[in-house]
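One structure is given here, and the rest of the page talks about it.
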Amino acid sequence: MMRIIKTCIFDLDGVIVDTAKYHYMAWKETARELGFDFTENDNERLKGVSRMASLEILLSVGKIKLSDEEKEYQADKKNKYYQSLIAGMKPDEILHGAYEFIELVRNAGLKTALGSASKNAMTILNRLNLTQLFDAVIDGSQVINAKPNPEIFLKAAKALNMDVAQCIVFEDAQAGVDAAHAAGMKCVGIGSPDVLKNADLIVSGLDKMLLGMIEENF
Ligand code: B16
Ligand code: MG
């Protein structure tokens, strides 16, 4: 199949902004209140995963069972704490080279979309003045199925009237790489090859991406 890339779809947390540390702080607090420790290593499993699925993983680590009502309460409480943390975010928390690379992509005539599992994605984009970088934004409030389900990326392609073969995804989480592949899209992994085993290309950050690498690799 001939692939001519016309659209770049970016994940938010861990690709454009460093919000993973705030998610971790908030989940660690939830665990502390429930009476157990939640390590940074445990937290790796939550990256790219939806809020409720994250809570389920956290509860399995602490070997705790909660009713559906209690789960809603804990997820909501965590989110309120997370929101108080991101309210103070500054533009210097945009990851190195992310703004510049997305602008480069746009200036080359490609379309851009955001494909984030987070229901707080719009708040973060507004807070950091990033909204104008995207032709389409699909976030956690617009999908039923969370990554690794491909729904987010398929919706992004559809919003821009693109075929899946014309899109590539930039992701920092294994669940996101799997979602991209399930959508029939190639994926650039952002991070370490130890974590992102089957990404089609891996770079440590968008600061290491050159436009030419898209043409060379996809
Ligand atoms: P929220 P991404 C994901 O964002 C995060 O990586 C993940 O840790 C988080 O649980 C999820 O969003 C849901 O976030 O609680 O704000 O709706 O990486 O897909 O941009
Ligand atoms: Mg992410």
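Just so it is clear, the model here is predicted, and its values are computed rather than measured. Just the heavy atoms: all of them, side chains too, but no hydrogens, waters or symmetry mates, feed the values below. We count ligands from 1, going down the list as the structure has it; atoms in each ligand are counted the same way. Numbers for residues simply follow the sequence, beginning at 1.
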Self-check item: NZ/NE/NH1/NH2 to OD/OE distance under 4.0 Å, Glu29 and Arg32
Solution: yes
Exercise. Please check if the side chain of Arg127 supplies one atom and the backbone of Met89 the other of a donor-acceptor pair under 3.5 Å.
Key: yes
Exercise. Just jot down the ligand 1 atoms closer than 4.0 angstrom to any heavy atom of Lys147, in number order.
Key: 19 (O)
Quiz item: At the 4.0 Å heavy-atom cut-off, does Ser54 count as touching ligand 1?
Solution: yes
Quiz item: Any side-chain heavy atom of Leu206 within less than 4.5 Å of one from Leu95?
Solution: no
Self-check item: Any donor-acceptor N or O pair under 3.5 Å, side chains Asn41, Thr39
Solution: no
Quiz prompt | Identity and distance of the protein heavy atom lying nearest atom 18 (O) of ligand 1 | solution = Asp11 OD1, 2.8 Å
Quiz item: For atom 15 (O) of ligand 1, what's the nearest protein heavy atom and its distance?
Solution: Arg51 NE, 2.7 Å
Self-check item: Best match, Leu12, Leu55, Asp13, Leu46: closest heavy atom to atom 4 (O) of ligand 1
Solution: Asp13
Quiz prompt | Ligand-side contact atoms (ligand 1) for residue partner Asn120, heavy atom cut-off under 4.0 Å | solution = 1 (P), 16 (O)
Exercise. Find out if a path of hydrophobic residues (ILVMFWY) with successive side-chain heavy-atom gaps under 4.5 Å connects Ile124 to Trp27.
Key: no
Exercise. Decide yes or no for Gln142 and Ile152: does some side-chain heavy atom of the first lie under 4.5 Å from some side-chain heavy atom of the second?
Key: no
Exercise. Have a look at ligand 1 and work out which part of Ala117, if any, has a heavy atom under 4.0 Å from it: side chain, backbone, both or neither.
Key: both
Quiz prompt | Ionic contact status for Glu56 with Lys71, cut-off 4.0 Å | solution = yes
Quiz item: With atoms numbered from 1 as shown, which atoms in ligand 1 lie under 4.0 angstrom from a non-hydrogen atom of Ser116?
Solution: 2 (P), 4 (O), 19 (O), 20 (O)
Quiz item: About how large, to 10 degrees, is the angle OD2 of Asp11, then the Mg ion (ligand 2), then O of Asp13?
Solution: 90°
Exercise. Report the name of the N/O/S atom of Asp172 located nearest to the Mg ion (ligand 2).
Key: OD1
Quiz item: Which protein heavy atom lies closest to atom 6 (O) of ligand 1, and at what distance to 0.1 Å?
Solution: Gly48 N, 2.9 Å
Practice problem: Enumerate the atoms of ligand 1 whose separation from the nearest heavy atom of Lys119 is less than 4.0 angstrom. | Solution: 1 (P), 16 (O), 17 (O)
Exercise. Would you kindly specify which portion of Val49 sits under 4.0 Å from ligand 1, judged on non-hydrogen atoms: side chain, backbone, both or neither?
Key: backbone
Quiz item: Parallel, tilted or perpendicular for Phe101 and Phe10, by the 30°/60° rule?
Solution: perpendicular
Practice problem: Assess Glu171: does it contribute an N, O or S atom lying under 2.8 Å from the Mg ion (ligand 2)? | Solution: no
Practice problem: Record the part of His23 in heavy-atom contact with ligand 1 below 4.0 Å; permitted values are side chain, backbone, both and neither. | Solution: side chain
Quiz item: Donor-acceptor pair, Asp135 side chain versus Thr112 backbone, under 3.5 Å?
Solution: yes
